[in-house]
Amino acid sequence: MNNLLSRDVQVKSMEQTVKHAEQYMGEICSLLASYTRKTAKLRDKADLLVAQLFDFSSREDPELQIGLKIMAEDLAMVQDYRQAQVERLEARVVAPLKAYGDIVKNKRADLKKFSTDVNRELKELQKLEKIRLRNPADRQSIAEINAQKASNNAQCSIKQLEETIKDFQRQKLEDIKRIFTDFITVEMLFTAKALEIYAHTYHNLEAINTQKDLELFNGRIKMADSLAGLLDTPLTSYSSPLMSRYPSPPLASPKSQRLRSMLASTTGQIHRQQYSQYPDTVRREEEEGEEEISESETEEGPHTSRQSYAAQYTQMRRWQK
């Protein structure tokens, strides 16, 4: 009976181990799955911001236009890395945690089997004790044999269960270490790359010469005032040095419209879903798109040497080839 009590303590300890693993691993899995979904939603909102920034830039004067386009392109590139972050979190963090649902289920089945063997042994021992009280010698020997068999089965089961729970605990420890190491690694990779891109974007935004755009704006205002009194002269036939010196903000050209469309397709959720694997750097297709963006910038804006991080990255990759 003392042996049975000892086994009962062992079983309860093992059950507690499995129960805690099921509870906490399940809760952590749920939280990290929600964390991953929120990150994906943040990526989608940033894609919308990129489209708005790019559209806004096409209606501004050159300095602000360049700064906003650079910010839009760099922000789009950050979302490409955020997409890689989402996919890595799903594959390396959430999926392994989900797998513990089946693992825990199997361990509970093992515990149930052992509990059945222990109960069978207990019943045989109780039966033997009753027979001893009545003291029939022939039946007592049969009961002792049955009790011994039940005891041996229970002993084998407890050894197997101990090994199973030890393997489970070892696997749990190793998996937790690996899963959270991967989680931190994924977060560090994204943060490091985002910081690198954002630092570049920050310096480009600081380089915007707002005074130049203000001079253009003031020139157009003065031109409008000077033309206000010339009611008899058609506005379209009037030409002055001011009009060439202070042009209106460039409208969206077919090239810039194609550029916005290309940028939206690069960063949009539908485009991303066409690929199941995402490399550590921007996809080859995205690099080709960025090359076209860089070429468009060269054609449309030869007056500036400022470039987005995405454009510089594309040039670097092209030189490496």
Side-chain angles (χ1 to χ4, degrees), residues 28-57 67-98 178-206 259-294 297 306-317:
I28 291 172
C29 178
S30 177
L31 289 171
L32 284 173
S34 177
Y35 178 92
T36 303
R37 289 193 299 271
K38 294 290 186 181
T39 303
K41 289 181 180 180
L42 178 60
R43 172 207 60 203
D44 294 340
K45 291 298 182 182
D47 284 342
L48 295 176
L49 176 59
V50 168
Q52 287 293 320
L53 286 173
F54 198 83
D55 191 57
F56 181 32
S57 71
L68 290 177
K69 284 177 64 178
I70 287 174
M71 181 177 176
E73 291 174 16
D74 286 349
L75 188 58
M77 192 174 188
V78 170
Q79 303 323 304
D80 290 332
Y81 286 105
R82 200 186 300 276
Q83 170 66 16
Q85 177 194 19
V86 169
E87 293 180 0
R88 290 168 183 158
L89 287 173
E90 289 176 344
R92 301 181 188 179
V93 178
V94 178
L97 286 171
K98 282 183 179 179
R178 176 179 53 80
I179 288 169
F180 284 105
T181 300
D182 285 346
F183 172 72
I184 296 301
T185 301
V186 169
E187 293 297 298
M188 286 194 302
L189 285 172
F190 170 76
T191 302
K193 200 61 186 180
L195 180 60
E196 182 180 351
I197 297 172
Y198 284 145
H200 180 276
T201 310
Y202 176 84
H203 290 304
N204 270 305
L205 290 172
E206 284 286 299
L259 179 60
R260 287 202 302 275
S261 176
M262 184 187 310
L263 185 61
S265 65
T266 300
T267 58
Q269 184 176 7
I270 297 177
H271 173 79
R272 291 195 182 100
Q273 290 176 346
Q274 295 174 355
Y275 304 91
S276 59
Q277 297 296 328
Y278 200 98
D280 292 340
T281 58
V282 182
R283 296 191 193 94
R284 184 176 302 171
E285 289 80 0
E286 290 167 349
E287 292 173 1
E288 293 173 356
E290 288 169 359
E291 288 177 5
E292 296 179 18
I293 290 173
S294 179
E297 285 178 345
R306 298 206 302 270
Q307 286 183 316
S308 66
Y309 183 97
Q312 290 184 2
Y313 174 84
T314 303
Q315 288 182 357
M316 180 184 68
R317 296 283 294 180

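Keep in mind that this is a model prediction, so the values were computed, not measured.
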Going from [atom1] on [X] to [atom2] on [Y], what distance comes out if it is rounded to the nearest 0.5 angstrom?
X	Y	atom1	atom2	answer
Ile70	Gln312	CD1	CD	8.5 Å
Phe180	Asp182	CZ	CG	11.0 Å
Leu75	Asp80	CG	CG	10.0 Å
Leu68	Leu205	CG	CG	7.5 Å

Under the salt bridge (charged side-chain N to carboxylate O under 4.0 Å, His left out) test, which residues partner Glu196, sequence neighbours left out?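 Salt bridge (charged side-chain N to carboxylate O under 4.0 Å, His left out) list for Glu196, sorted by chain: Lys193.
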
For Arg178, salt bridge (charged side-chain N to carboxylate O under 4.0 Å, His left out) partners two or more places apart: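 Arg178 satisfies salt bridge (charged side-chain N to carboxylate O under 4.0 Å, His left out) with Asp175 once adjacent residues are dropped.
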
Indicate yes or no: at least one non-hydrogen side-chain atom of [X] is less than 4.5 angstrom from one of [Y].
X	Y	result
Val93	Val186	no
Leu97	Ile179	yes
Leu32	Leu89	no
Phe190	Thr39	no
Tyr309	Val78	no
Leu42	Lys38	no

Kindly say whether Met188 contributes a backbone atom to a donor-acceptor pair with the side chain of Thr191 at under 3.5 angstrom? no

Backbone N/O of Ala310 and side chain of Asp74: donor-acceptor pair under 3.5 Å: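 Yes.
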
[X] versus [Y], closest heavy-atom pair with distance:
X	Y	answer
Thr201	Met71	CG2-CA, 3.8 Å
Arg306	Gly67	NH2-N, 4.3 Å
Gln307	Asn204	O-ND2, 3.2 Å
Pro96	Ala91	CD-O, 3.5 Å

Determine whether the side chains of Gln79 and Gln83 contain a donor N or O and an acceptor N or O closer than 3.5 Å.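 There is no such pair (donor and acceptor under 3.5 Å, judged by atom type) between the side chains of Gln79 and Gln83.
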
Could you tell me which residues satisfy side chain to side chain donor-acceptor pair (under 3.5 Å) with Glu187, sequence neighbours excluded, listed by chain and number? Tyr35, Gln85

